[in-house]
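Heads up, the thing below is written out as structure tokens.
Both counts, for ligands and for their atoms, begin at 1 and track the order of listing.
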Amino acid sequence: MAQKFRKIAVLTSGGDAPGMSAAVRAVTRAALAKGVEVMGVKGGYRGLLYDELVPLTSLDVSNKIFLSGTFLYSDRCDKFKEEEGMQKAIETLKKHEIDGVIAIGGDGTFRGATDLSIRGIPTIGVPGTIDNDITATDNTIGFNTAMQTVVENVDRLRDTCESHARCNIVEVMGRGAGDITINTAIATGAVDCVIPECPFDEDACVEKIIRLRRAGKRSFLIIVSEAFPELGEALKKRIDSTTKALAIEEDDDRLWVETKFCRMAHIVRGGTPTLGDRVLATKMGAYAVDLLLDGKSDLIVIEKNGEITSADIRYTQVLDRMYKGTLKEGMLDNYSADQIAAMEAEIAIKKEQFAKTYAMFQMLSE
Ligand code: F6P
């Protein structure tokens, strides 16, 4: 029979993401509706180390659904990864008689969640990260808002590019995943984009800009994933100097495409969550409570083909590593041939979708 839950804790950890506050609200209200008390942990796992827990009532989470960032605060806590820190965290949870934890964040957050569950605390993860880099889920909380923020800002850059016949290279966050980059490149009508998932042909990019400028195009946007930290500025110099040389050679200064570089950095993480993120956060938060109170642990909530469901937390971690090519020896030992084949199939689908989307983007950017 499932354990009787009296009190659970909720935390947000890792890079904040718009919609995290909405997820905390949903967790709190769903738990309270089922007669379970809720404690909010301040500042991610660090709050467990320093005993920074606050009770959350329905009123405490009122007026929070639209909040940016996370009102519970967030952090990346190295001490929590050490045994001493972990023990402190467990002591805090025991002191407050916490029966289970819902951890909202990305892959680092989920590693922390498994560390707690190994030590006897049931945990459920909720994917909250702008990067959308959890392979098992189609969507993460914050991804939609981050893309919207990029689009709003890049649209402004386009305005001034169009006036001056310039190029603007925009680097956006997303860690090792190109999801934000490819989608915002499509949505802003960029001429090119650079993502880790598909090879980038720099020569072809420069040639395309020259060709399109000759044809009369005035604004040029290129979206670059932060996975290539040097590339944006180098490309800016190359486009600028190549087109300038061409303008001199042909004695036509209209061919010079003056090029600027803009790193959007943490701007991408801020802002009020979109409708999509508020709804996703609400559904995922409420579902996480259902899972936990149903006696489940070591799962993350995912959205697959429009349905909110769950996946084994370790399976999803291995899947991520397989996708990124960072599997270590022995990591597949506990999985059957069928499970490994299922992982490979899921990854193949995702890669194929990326390749198709990238090819369509390239075709339409001419
Ligand atoms: O994972 C979210 C994210 O914003 C990434 O896109 C980015 O690489 C990283 O966090 C930045 O982390 P920090 O806020 O610690 O600089």
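- If you number the atoms of ligand 1 from 1 as listed, the ones under 4.0 Å from a heavy atom of His266 come out as 13 (P), 14 (O), 16 (O).
- Judged by distance alone, the side chains of Thr135 and Asp320 do bring a donor and an acceptor atom under 3.5 Å apart.
- Heavy atoms of Gly174 approach ligand 1 to within less than 4.0 angstrom.
- Cation-pi geometry between Lys34 and Phe5 is not met at under 6.0 angstrom from the ring centre and within 45 degrees of the axis.
- From the protein, the heavy atom lying nearest to atom 1 (O) of ligand 1 is Asp131 OD2, 2.6 Å.
- The closest donor-acceptor contact from the side chain of Asp240 to the backbone of Thr259 lies under 3.5 Å.
- In this structure, Asp179 CG and Thr184 OG1 are separated by 10.5 Å, a value rounded to the nearest 0.5 Å.
- Between Glu226, Arg269, Arg76, it is Glu226 that holds the heavy atom closest to atom 8 (O) of ligand 1.
- Atom 9 (C) of ligand 1 has as its closest protein heavy atom Arg175 NH2, 3.6 Å.
- Judged by the 6.0 Å and 45° rule, Lys64 forms a cation-pi pair with Phe71.
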